[in-house]
Amino acid sequence: MKGLEFRIDRRSGVAAYQQIVQQTKQALRLGVLVPGDQLPTAKAVAQASLVNPNTTLKAYRELEREGLVEARPGLGTFVRQSLARPQTAADSALRGELEAWMDRAREAGLEQDDVTALVTSVMAERYAVTRPAAEHPGSAETAGTAGTTGTADTAGSAESAATTGIMGTRGQA
């Protein structure tokens, strides 16, 4: 079993089960978890993170519905699918550039919340989805805009902080 540890932020406003789902997905994206790895038991997560075992089971069921993990009765829950891409590996050029940028941001005096706000803002701009106003008939959005909406996985710094708390033994998380 992996040395995966969930970090639950009770002040984030994000449900604990959702934090477990997001942190598991992050571990899958970063290669901390790979197909065949066993997730911690609900009992182990409950003891380490002080959450009800049913909270972990709810998260694992959601991950199972998405096809990312599978429950094996009597054995545990195992990773079925990776979300990792070569560009996100610990030794990738993109990661190296991001690490260098983070170093420059820290040297410039930016705090973690400043960096989160900056990255979230740029990410929302760069990954924005544009839809014609006709796709949103009658919505408040179409009344005063051209129908452009920005979306990003990271809805805000509290949610972002709550969903990035995984710790693993493979790679750097």
Original post:
Residues two or more places apart in sequence or in another chain: which of them pass side chain to side chain contact (heavy atoms under 4.5 Å, CB included) with Ala42?
Top reply: Pro53, Thr56, Leu57
For the [atom1] atom of [X] and the [atom2] atom of [Y], what is their distance to the nearest 0.5 Å?
X      : Y      : atom1 : atom2 : answer
Leu63  : Lys58  : CG    : NZ    : 12.5 Å
Gln26  : Gln19  : CD    : CD    : 12.0 Å
Asp113 : Thr120 : CG    : OG1   : 10.0 Å
Gln47  : Lys43  : CD    : NZ    : 5.5 Å
Phe6   : Thr24  : CZ    : OG1   : 3.5 Å

Subject >> Stepwise side chain to side chain contact (heavy atoms under 4.5 Å, CB included) check, Arg7 with Asp9 >> reply: CA-CA 6 Å; Arg7 305 278 171 109; Asp9 181 357; over 6 Å; no
Subject >> For Ala46 against Asn52, the heavy-atom pair lying closest together >> reply: CB-C, 4.5 Å
Original post:
Which other residues end up in the same hydrophobic cluster as Leu94, if Ile, Leu, Val, Met, Phe, Trp and Tyr are linked when side-chain heavy atoms come under 4.5 Å apart?
Top reply: none
Subject >> Verdict with supporting geometry, Leu50 and Arg10, side chain to side chain contact (heavy atoms under 4.5 Å, CB included) >> reply: CA-CA 10 Å; Leu50 302 176; Arg10 287 157 178 46; 3.5 Å; yes
**OP:** Treating Ile, Leu, Val, Met, Phe, Trp and Tyr as nodes and any side-chain heavy-atom pair under 4.5 angstrom as an edge, say whether Tyr127 and Val122 lie in one connected cluster.
**Re:** no
Original post:
Do Leu30 and Leu98 belong to the same hydrophobic cluster, where Ile, Leu, Val, Met, Phe, Trp and Tyr are linked whenever their side-chain heavy atoms lie under 4.5 Å apart, directly or via other members?
Top reply: no
**OP:** Please name all residues satisfying salt bridge (Lys or Arg N to Asp or Glu O under 4.0 Å) with Glu66, sequence neighbours left out, ordered by chain then number.
**Re:** Lys25
Subject >> salt bridge (Lys or Arg N to Asp or Glu O under 4.0 Å) partners for Arg72, two or more places apart >> reply: Glu70
Cut-off 3.5 Å, no hydrogens considered: what does the side-chain donor-acceptor table look like for residues 75-85, sequence neighbours left out?
| unit_1 | atom_1 | unit_2 | atom_2 | d |
| --- | --- | --- | --- | --- |
| Ser82 | OG | Ala84 | N | 3.0 |

Subject >> Listed once per pair and sorted, the salt bridge (charged side-chain N to carboxylate O under 4.0 Å, His left out) pairs that draw on residues 100-111, sequence neighbours left out >> reply: none
Original post:
Taking NZ, NE, NH1 and NH2 as the nitrogens, is one of them in Glu99 or Arg95 under 4.0 Å from a carboxylate oxygen of the other?
Top reply: yes
Original post:
Considering only heavy atoms from C-beta outward, does the side chain of Tyr60 approach that of Ile20 to under 4.5 Å?
Top reply: yes
**OP:** Evaluate the side chain to side chain contact (heavy atoms under 4.5 Å, CB included) criterion for residues Leu4 and Leu39: first the C-alpha distance (whole Å), next the side-chain angles of each, then the deciding distance (0.1 Å), finally the verdict.
**Re:** CA-CA 8 Å; Leu4 183 67; Leu39 297 180; 4.3 Å; yes
